Amino acid sequence: MNIDLVAGARPNFMKLAPVERAIRNLGTINVRIIHTGQHYDPEMNEVFFSELGIPNPDAHLGAGSGTHGAQTARILESYERLLLEDRPDATVVFGDVNSTIACALAAVKLGVRVVHVEAGLRSFDRSMPEEINRVLTDAIADCLLVSEPSGVDNLIREGIPAEKIHLVGNVMIDTLIQELNRSRALDYPAKLGLSHGEYGLVTLHRPANVDDPVVLKRLVELFVELAAHLPLVFPIHPRTQTALKRANLLNQLQESGRILCLSPISYRENLALMEACRVVLTDSGGMQEETAILNIPCLTMRPNTERPITVSRGTSRLVGNDAEQIRVAFTDVIAGRWAVAQPLPLWDGHAGVRVACVIEHFLHGLH
Ligand code: UD1
């Protein structure tokens with residue numbers, strides 16, 4: 001039995017790692033790792049492969065950046081070419097990035113079965129490119145692996161047959177649990193001069209927050225204001241770096257003297273910063289989930305979330321990009337007025353093994 005595991009952008013790598021390992025341990029399935037090249041800078045890419053022990057990709061599609069149409073089309077075309085040469089029994093795609101829909105589409109058109117890991121999540125906000133990618137990928141997937149109960153409800157409502165849907169838990173939390181000790185051993189916050197519980201961690205990369213210079217300026221001014229109460233550390237995504245430079249805002253952050261601006265950091269470095277901080281301010285989907293497990297207050301700078309369990313049982317509060325809402329939530333954190341995380345079913349470090357078992361069973365059904 002042969003499968004392709006597809007990864008392209010940073011958030012895919014921590015999801016692929018535990019699945020690849022669990023499938024390798026089964027010893028019954030040949031795996032080909034396909035890297036689409038959506039993310040290509042070493043700091044967005046190679047560093048995750050080496051830290052997370054992911055084998056080198058068997059194929060690299062070299063897609064690179066571009067408009068959504070151009071990037072998706074390049075991946076679609078080059079993955080199709082690969083499939084025409086050598087066709088696996090199934091293609092496994094992760095998450096909601098452009099690489100996810102592009103490879104799912106190339107596969108399904110050639111009669112290759114599609115497995116979607118992290119299926120069913122819905123923000124119900126179609127202005128987000130990821131929401132389109134999720135809805136379309138789920139519509140053509142043959143086997144849908146879901147991380148939280150809301151995902152099952154969404155898929156059933158969209159008419160996906162129940163027998164295709166499997167609630168397996170959150171594979172990204174497998175990676176978190178595996179890497180926690182190694183990340184602690186780095187002593188990374190101390191190396192940056194940060195004390196435990198005495199700083200906030202900021203990340204920002206969603207187009208809705210960074211592409212509009214007016215919104216970005218408002219957020220930068222707010223970060224400077226909040227940093228007067230609690231120093232902030234801000235690893236800056238390449239998209240955000242470009243937007244900050246374009247809007248002449250990078251200096252303002254740096255000159256505050258209370259905001260430590262970093263280039264993109266590794267998985268373990270980010271985990272170390274997250275675990276030891278007082279509060280996270282982010283628009284990342286993954287960090288909403290990780291803070292829920294670490295029990296760190298998370299101000300989610302989005303108007304909605306496709307991961308509602310992080311609000312109902314985790315530590316996330318939706319604050320959008322509205323300065324007053326963020327200010328109020330930040331004050332609540334500092335005053336200790338914040339919900340404590342509840343246990344999250346199936347976010348237990350074993351989701352990768354469950355995914356591997358479902359995939360093995362699914363492939364048996366094909367032969
Ligand atoms: C993509 C995903 C998003 C995910 C994010 C995590 C889509 C639609 N979006 O957004 O869901 O949360 O990855 O990082 O798939 N760039 C570099 N170096 C790189 C990669 C990108 O400099 O290695 C810059 C380029 O200027 C590029 C821009 O970042 O144009 C955006 O990259 P892109 O892959 O299009 O989207 P992300 O914003 O990274």
Side-chain angles (χ1 to χ4, degrees), residues 11 14-15 18 95-96 117-125 134 144-157 165-181 183-184 196-197 199-203 230 267 270-320 325-326 328-355 358:
M14 35 287 219
K15 295 169 194 164
D96 54 17
V117 178
E118 204 185 83
L121 298 182
R122 297 288 180 269
S123 66
F124 305 102
D125 174 359
R134 290 181 202 114
L144 298 99
L145 301 161
V146 182
S147 58
E148 62 163 90
S150 72
V152 176
D153 300 341
N154 295 332
L155 294 172
I156 296 285
R157 204 181 39 251
I165 306 169
H166 305 268
L167 183 63
V168 289
N170 192 330
V171 289
M172 219 176 51
I173 302 306
D174 292 19
T175 301
L176 183 151
I177 291 170
Q178 177 183 287
E179 294 300 322
L180 202 50
N181 281 337
S183 104
R184 284 176 185 150
H196 198 287
Y199 65 92
L201 171 61
V202 179
T203 82
L230 188 72
Y267 179 80
N270 194 53
L271 180 52
L273 284 183
M274 223 179 342
E275 197 199 7
C277 75
R278 179 82 163 270
V279 59
V280 167
L281 294 97
T282 190
D283 56 12
S284 150
M287 285 172 69
Q288 286 171 58
E289 299 184 330
E290 290 161 339
T291 50
I293 293 295
L294 298 170
N295 198 20
I296 298 290
C298 180
L299 275 53
T300 300
M301 290 187 286
R302 293 178 43 190
N304 50 52
T305 180
E306 62 287 339
R307 294 162 161 87
I309 205 167
T310 62
V311 176
S312 60
R313 298 187 69 85
T315 51
S316 165
R317 191 189 294 180
L318 298 177
V319 293
Q325 273 200 64
I326 298 174
V328 167
F330 187 84
T331 310
D332 282 346
V333 171
I334 302 299
R337 292 189 292 267
W338 209 262
V340 171
Q342 306 298 307
L344 290 144
L346 301 177
W347 293 24
D348 57 358
H350 304 293
V353 171
R354 287 188 288 269
V355 168
V358 173

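Source: prediction; values computed, not measured. Throughout, numbering of the chain's residues begins at 1 and tracks the sequence.
In this structure, S284 and T203 approach most closely via the heavy-atom pair CB-OG1, 4.1 Å. Heavy-atom minimum distance, R354 versus V168: NE-O, 2.7 Å. The two atoms that bring A329 and W338 nearest to each other are O-CZ3, 3.5 Å, heavy atoms only. Closest of all the heavy-atom pairs between L167 and P149 is CD1-N, 4.0 Å. The two residues W347 and G169 have their closest heavy-atom pair at CD1-CA, 4.3 Å. In plain terms, the two heavy atoms of T175 and P18 that are nearest each other are OG1-CD, 3.3 Å.
Inter-residue side-chain proximity for I293 and N170 is flagged as unmet; no heavy-atom pair is nearer than 4.5 Å. Using a 4.5 Å heavy-atom threshold, the side chains of I296 and M274 count as separate. Between V319 and F330 there is no side-chain heavy-atom pair separated by less than 4.5 Å. Side-chain contact between D332 and R317: present, with at least one pair of heavy atoms (C-beta onward) separated by less than 4.5 Å. Two residues are said to be in side-chain contact when any heavy atoms from C-beta on lie closer than 4.5 Å; N154 and L121 fail this criterion. In this structure, the side chains of P11 and M172 stay at 4.5 Å or more apart for every pair of heavy atoms. Considering only heavy atoms from C-beta on, L180 comes within 4.5 Å of L294 through its side chain.
Every residue two or more places apart in sequence or in another chain that forms a salt bridge (Lys or Arg N to Asp or Glu O under 4.0 Å) with E179 is listed here: R182, R268. Contacts of I177 classified as side-chain contact (heavy atoms from CB on, under 4.5 Å), with partners at least two apart in sequence or in another chain: I173. Taking the side-chain contact (heavy atoms from CB on, under 4.5 Å) definition, one finds that N295 meets it with T315, V340, A341, sequence neighbours left out. Remark: R313 engages I309, Q342, P343, L344, P345 in a side-chain contact (heavy atoms from CB on, under 4.5 Å) (not counting sequence neighbours). Judged as a side-chain contact (heavy atoms from CB on, under 4.5 Å), and not counting sequence neighbours, the contacts of A119 are H116, D138, L144, V146, L155.
The CZ atom of R337 sits 7.5 Å away from atom OG1 of T331, with the distance rounded to the nearest 0.5 Å.
Of the possible donor and acceptor atoms, one in the side chain of D174 sits under 3.5 Å from a partner among the backbone N and O of G352.
Sorted by first and then second residue, the salt bridge (Lys or Arg N to Asp or Glu O under 4.0 Å) pairs with a member in residues 297-312 read E118-R307, R134-E306, E289-R307, R302-E306; sequence neighbours excluded.
Donor-acceptor pairing under 3.5 Å is recorded for the side chains of T305 and Q288.
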